[in-house]
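Notes follow the structure.
Predicted, not measured: the structure shown is a model, and the values here were computed from it. Residue numbers run from 1 in the order of the sequence given. Both ligands and their constituent atoms are indexed starting at 1 by order of listing.
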Amino acid sequence: MAFEGLTERLQNAMTKLRRKGKVSEADVKEMMREVRLALLEADVNFKVVKDFVKKVSERAVGSEVLENLNPGQQIIKIVNDELTDLMGGGKEGIEFSPKPPTVIMMVGLQGAGKTTTAGKLANYLREKDHKRPMMVAADIYRPAAIEQLQTLGEQLNIPVFSMGDQVSPIEIAEKGIEQAKNEGRDVVFIDTAGRLQIDETLMAELSEIKAATQPNEIFLVVDAMTGQEAANVAKSFNEQLDITGVVLTKLDGDTRGGAALSIRAVTGKPIKFVGQGEKLDAIDAFYPDRMASRILG
Ligand code: GDP
């Protein structure tokens with residue numbers, strides 16, 4: 001289960017405090033030492049942990065808190081608030097274009113779940129927002145990528161635009177958007193190529209697709225199982241492409257929490273959706289407050 005270790009350790013750290021009628025600065029310090037270790041062990045970025053601990057400590061040792069009738073409860077609330085804040089900010093949902101189609105560019109490293117997520121999101125928007133989505137197969141490098149998207153389209157009954165693998169991804173993306181306009185499709189997902197690691201060729205091509213298609217959203221798909229490495233990947237993609245949001249996948253696995261808690265602070269960009277399974281309806285909007293509650297257990 002996701003966050004299992006982190007939840008247990010945070011709960012342990014806070015239970016001690018909850019039991020006390022009076023809380024001293026030393027008690028807070030002791031608790032924060034444990035919180036810090038719990039976060040580091042969950043693979044949260046070092047600097048993120050440091051800032052988080054500082055913020056919570058400063059608020060928690062304030063006299064209004066320690067002299068409160070129920071200081072333990074209040075400190076737990078501060079931890080909850082700061083966790084929410086750490087993952088929060090930024091606009092919720094998708095920025096739809098006032099002039100359809102809304103173009104959503106999907107980027108990410110190979111295996112992160114980019115293609116699956118494109119299908120899941122297209123389906124989600126159709127169900128929730130009554131959109132008429134289309135998907136564009138612009139990954140011409142991985143042999144099975146086009147076919148994978150087509151199969152996904154068939155499963156979901158969502159059209160897929162493809163021009164094979166002998167045309168440049170930029171042209172495919174442009175023609176795909178044109179086709180969407182002609183067919184009255186109001187959201188276009190562009191499935192771009194992934195690589196095993198970030199390289200200049202990949203980034204240059206993604207920049208070209210961005211310039212040619214002027215997407216309303218650029219969603220980076222990252223695998224939650226990769227911990228703070230996911231945050232590093234997000235930082236690189238953001239520096240090159242100025243992404244608009246992150247989709248965190250595989251939250252149904254036993255991820256420790258590093259990605260969920262680091263991404264926003266490291267990149268300044270919000271997590272917008274989370275993937276929670278292989279099934280095509282296993283996608284949810286991301287709410288920082290709910291995630292904080294889930295992590296605290
Ligand atoms: P891409 O290379 O980034 O396009 O990745 P794919 O979309 O092909 O996904 C790689 C694998 O991850 C596939 O087996 C997907 O079913 C799986 N996957 C994607 N999202 C999730 C998720 O949220 N949870 C789980 N458990 N598996 C996922």
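Glu208 meets the salt bridge (charged side-chain N to carboxylate O under 4.0 Å, His left out) test with no other residue; sequence neighbours excluded. Take Tyr124 and apply the ring pair (Phe, Tyr, Trp, His ring centres under 6.0 Å) test, not counting sequence neighbours, and it matches Phe273.
Considering backbone and side-chain atoms together, Ala282 places no N or O closer than 3.5 Å to any N or O of ligand 1. Checked against a 3.5 angstrom limit, the closest N/O atoms of Gly275 and ligand 1 fall inside it. Distances between N or O atoms of Asp252 and those of ligand 1 include at least one value under 3.5 Å. Note: an N/O pair closer than 3.5 Å links Lys114 and ligand 1 by distance alone. Remark: ligand 1 and Gln110 share no N or O pair separated by less than 3.5 Å (distance only, no angle test).
Taking atom 19 (C) of ligand 1 as the reference point, the nearest protein heavy-atom neighbour is Gly113 CA, 3.8 Å. Protein heavy atom in closest approach to atom 16 (O) of ligand 1: Glu278 OE1, 2.8 Å. Here the protein heavy atom with the shortest distance to atom 2 (O) of ligand 1 is Gly111 N, 2.7 Å. Scanning all protein heavy atoms for the shortest distance to atom 22 (C) of ligand 1 gives Gly277 O, 3.2 Å.
Distances shorter than 4.0 angstrom do not occur between any heavy atom of Asp223 and any atom of ligand 1. Within the structure, the closest approach of Gly253 to ligand 1 does not fall below 4.0 Å when heavy atoms are considered. The shortest heavy-atom distance from Gly194 to ligand 1 is not under 4.0 Å.
Below 4.0 Å from some heavy atom of Thr116 lie the following atoms of ligand 1, by number and element: 6 (P), 7 (O), 9 (O), 15 (C). When each atom of ligand 1 is checked for a heavy atom of Gln148 under 4.0 Å away, the hits are 6 (P), 7 (O), 8 (O). Every atom of ligand 1 is numbered from 1 in the order shown, and the set under 4.0 Å from a heavy atom of Leu109 is 3 (O).
Counting heavy atoms under 4.0 Å from ligand 1, residue Lys279 does not touch it at all. Under 4.0 Å from ligand 1, the heavy atoms of Gln276 that appear belong solely to its backbone. If you look at Val221 next to ligand 1, there are no close heavy atoms at all, none under 4.0 Å.
For Lys47 and Asp51, the salt-bridge test passes: some basic side-chain N is under 4.0 Å from an acidic carboxylate O. At a threshold of 4.0 Å, the pair Glu239-Lys235 counts as salt-bridged, since one of the basic side-chain nitrogens sits closer than that to a carboxylate oxygen.
Here the NZ atom belonging to Lys131 is positioned 14.0 Å from the CD1 atom belonging to Ile158, to the nearest 0.5 angstrom.
Side chains of Ser24 and Asp27: a donor on one and an acceptor on the other come within 3.5 Å. A donor-acceptor contact under 3.5 angstrom links the side chains of Glu205 and Tyr141, judged on distance only. Glu34 and Asn12 form no side-chain donor-acceptor contact under 3.5 Å, judged by distance and modelled atom types alone. For Asn216 and Glu95, the side-chain atoms include no donor-acceptor pair closer than 3.5 Å.
Under the side-chain hydrogen bond (donor to acceptor under 3.5 Å, both in side chains) rule, Lys175 has a single partner from Glu171, Glu178, Gln179, which is Glu171.
Side chain of Thr255 to backbone of Leu251: no donor-acceptor contact under 3.5 angstrom is found.
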